[in-house]
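As structure tokens, the structure follows; a few thoughts come after it.
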Amino acid sequence: MYCYIKMVLGFWLGMVLLSVFPTYAEDKLLVYVELVLPWHEGIQKSLYCHADVPFRPQVSSHVKAQLNWVLPVNMPVKKGDVIALQDDFYLVQRSLKLTAKLEAAKAQADFSAQEYQRIQSLDKQEMVSVSDLNRAKLDAKLTKQQYLALKADQMILEHQIASLKHLAPADGQIFTLNAQPGEWLDSGDSILSFLPSDNQEVVCQMSLDLYQQVNDIELVSFQLKSGETLAFNRLALKVDEAAQMVNVHFDFKDDTAALFLNERVAVNMQMPKDDLTLVAYDALSLKNNEYFVWLLDDDNKVTQVPVKVMDTQGAHAVVQSGIKVGEHVVVRGGKSLTLNDQVVVANADEMKVRL
């Protein structure tokens with residue numbers, strides 16, 4: 001009895017399969033398909049980046065003078081705060097001597113000018129020789145130039161004295177110290193380097209292949225994982241020869257954003273593209289280093305369509321191709337297919353396609 005029931009069930013299942021898939025008798029291939037889905041998010045990539053500051057202002061000595069005091073490394077300051085101080089004794093003494101010389105030169109210049117005017121008046125009365133007139137004119141000119149030269153020296157010295165007090169060029173902190181209190185510095189010697197806090201940027205490495213896909217980088221959106229939006233600043237023209245990577249520099253759109261120097265961050269890149277769709281990753285086949293999919297037409301025939309994989313999203317791939325949203329691609333059973341093969345769709349009811 002058991003054998004009879006088993007035989008009947010086997011016969012019945014065979015009849016069901018023949019009724020559901022009559023094409024089996026014609027040696028048609030059985031495949032599974034999935035829909036081509038829309039993709040409106042463009043190309044999304046993660047870039048590996050770090051925080052940097054493009055400029056680290058250097059604070060240097062303007063004259064030969066002793067360094068009396070300097071702030072320690074990492075000390076936060078506001079713009080205009082005193083960050084280093086040099087000794088002013090010798091410059092002040094030079095300034096006093098120069099002031100005395102300047103007063104004497106001014107007196108001499110005034111006297112020579114008055115004497116030239118007096119001799120000019122005598123010349124009109126023909127009471128002075130031409131040589132005396134020329135000598136007085138030359139003396140007036142020379143004493144005036146000597147006074148102006150000393151005046152210029154005084155302005156330089158005043159600037160040097162004022163520059164003994166070094167002020168923070170911006171909000172930030174002391175980055176490195178290149179001199180210590182008590183050290184004698186010459187003109188041009190570096191005292192410290194300064195790290196501003198309001199001039200940060202993010203430097204990202206982007207593959208050359210990815211950059212070449214970008215038509216207009218200013219139309220691409222870039223965001224930190226934490227949500228801050230970045231604005232494109234500049235592109236390095238030099239490519240890393242070994243890695244084929246190029247550095248892209250970004251500014252913060254929000255001035256309040258702040259990172260630690262050299263802090264590693266991930267940046268989300270989203271590039272608009274209109275001709276992208278989402279296909280199941282299992283639909284992709286590789287031939288001659290190029291991807292393609294088997295596309296099902298209305299007559300259940302398959303054609304081979306090349307696709308360019310732009311990104312992956314879980315079990316799906318974002319592709320650029322000629323396929324359209326709502327079409328069906330083969331996800332199983334495609335290994336033995338050839339062009340224009342007519343197939344049977346195993347999941348036809350689920351996908352609502354012809355058997």
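Counting heavy atoms from C-beta on, the side chains of V202 and F222 never come closer than 4.5 Å. Side-chain atoms of F292 and L284, non-hydrogen and from C-beta on, never get closer than 4.5 Å to each other. Residues P181 and V70 have side chains in contact (heavy-atom distance under 4.5 Å, counting atoms from C-beta outward). The side-chain heavy atoms of L91 and V63, taken from C-beta on, include a pair separated by under 4.5 Å. Using a 4.5 Å cut-off on side-chain heavy atoms (C-beta onward), Y48 and Q205 make no contact. Using a 4.5 Å heavy-atom cutoff, the side chains of M271 and M310 are not in contact. Side-chain contact between E327 and L296 is absent, with no heavy-atom pair separated by less than 4.5 Å. You'll find the side chain of P57 reaches within 4.5 Å of the side chain of P196, heavy atoms only.
Under a hydrophobic-cluster definition in which Ile, Leu, Val, Met, Phe, Trp and Tyr are linked whenever side-chain heavy atoms come within less than 4.5 Å, directly or via other members, I217 and L47 are assigned to the same cluster. Both L185 and L167 belong to a common hydrophobic cluster when Ile, Leu, Val, Met, Phe, Trp and Tyr are linked at side-chain heavy-atom distances under 4.5 angstrom. Put simply, V73 and L67 are part of the same group of oily side chains (I, L, V, M, F, W, Y) that touch within less than 4.5 Å, one to the next. Grouping the Ile, Leu, Val, Met, Phe, Trp and Tyr side chains by contacts below 4.5 angstrom, directly or via other members, places V220 with L235. Cluster membership for F175 and V82, using ILVMFWY side-chain heavy atoms within less than 4.5 angstrom, is not shared.
Side-chain atoms of Q58 and S60 form no donor-acceptor pair, as typed in the model, at a separation below 3.5 Å. Side-chain contact check for Q223 and N268: no donor-acceptor pair (N or O, by modelled atom type) lies under 3.5 Å.
Within the 3.5 Å criterion, the main-chain N or O of K301 finds a donor-acceptor partner in the side chain of D297. Using a distance-only test at 3.5 Å, with no hydrogens or angles considered, no donor-acceptor pair links the side chain of T277 to the main chain of K324. Judged by distance alone, the side chain of N288 and the main-chain N or O of E290 form no donor-acceptor pair under 3.5 Å. Here the side chain of N300 pairs no donor or acceptor atom with the backbone of Q342 at under 3.5 angstrom. Between the W39 side chain and the V318 main chain, no donor and acceptor come within less than 3.5 Å of each other. Of the possible donor and acceptor atoms, one in the side chain of Q270 sits under 3.5 Å from a partner among the backbone N and O of E41. Side chain of D240 to main chain of A243: a donor-acceptor pair is present (N/O by atom type, distance under 3.5 Å, no hydrogens or angles).
Rounding to the nearest 0.5 Å places CG of N178 at 9.5 Å from CD1 of I191. In this structure, NE2 on H62 lies 12.0 Å from CG on D189, to the nearest 0.5 angstrom. To the nearest 0.5 angstrom, S61 atom OG is 6.0 Å from H166 atom NE2. Distance CG/L177 to CD/E183: 10.5 Å, rounded to 0.5 Å. Atoms CG and CG, from L148 and L102 in turn, are 9.5 Å apart once rounded to the nearest 0.5 Å. In this structure, the separation between OG on S163 and CD1 on I156 is 11.5 Å, given to the nearest 0.5 Å.
More than 12 heavy-atom neighbours from other residues, nucleotides or ligands sit within 6.0 angstrom of CD on Q212. Around CG of L286, the count of heavy atoms belonging to other residues, nucleotides or ligands within 6.0 Å exceeds 12. Around NZ of K225, the count of heavy atoms belonging to other residues, nucleotides or ligands within 6.0 Å exceeds 12. When the shell of 6.0 Å around CD of E263 is examined, it contains more than 12 heavy atoms from other residues, nucleotides or ligands. A 6.0 Å sphere centred on OH of Y211 holds no more than 12 heavy atoms belonging to other residues, nucleotides or ligands.
Pairing each heavy atom of L230 with each of F250, the nearest pair is CB-CB, 3.9 Å. The two residues W69 and I83 come nearest to each other via the heavy atoms CZ3-C, 3.8 Å. Shown here for T338 and V302, the closest heavy-atom pair between the two residues is O-CG2, 3.7 Å. The two residues Q86 and N68 make their nearest non-hydrogen contact at C-ND2, 3.9 Å. For the pair Q200 and D251, the tightest heavy-atom approach, listed with the atom from each and the gap, is O-OD1, 4.1 Å. Minimum heavy-atom separation, L259 to A51: CB-CB, 3.6 Å.
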request  = Please assess F194 against I174 for the test side-chain contact (heavy atoms from CB on, under 4.5 Å), listing each intermediate value before the final yes or no.
outcome  = CA-CA 5 Å; F194 187 81; I174 310 303; 4.2 Å; yes

One pair to check against side-chain contact (heavy atoms from CB on, under 4.5 Å): D216 and F232. What are the steps and the verdict? CA-CA 11 Å; D216 187 350; F232 172 73; over 6 Å; no

- Message: Evaluate D282 against E34 for side-chain contact (heavy atoms from CB on, under 4.5 Å), listing each step before the verdict.
- Response: CA-CA 10 Å; D282 290 339; E34 282 195 19; over 6 Å; no

* To do: Go through the steps for L164 and Q160 under the test side-chain contact (heavy atoms from CB on, under 4.5 Å), then give the verdict.
  => CA-CA 7 Å; L164 293 172; Q160 289 174 332; over 6 Å; no

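Using the six-membered ring where Trp is involved, W184 and Y90 have ring planes that are tilted, between 30° and 60° apart.
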Return all side-chain donor-acceptor pairs below 3.5 angstrom for residues 138-146, not counting sequence neighbours, or 'none' if the list is empty.
from	atom 1	to	atom 2	distance (Å)
D139	OD2	S112	OG	2.7
T143	OG1	S112	OG	3.4
T143	OG1	D139	O	2.9
T143	OG1	A140	O	3.1

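For residues 92-105, the set of pairs meeting the side-chain hydrogen bond (donor to acceptor under 3.5 Å, both in side chains) definition, not counting sequence neighbours, is empty. Pairs passing the disulfide bond (SG atoms under 2.5 Å apart) check and including a residue from residues 197-229, sequence neighbours excluded, read C49-C204.
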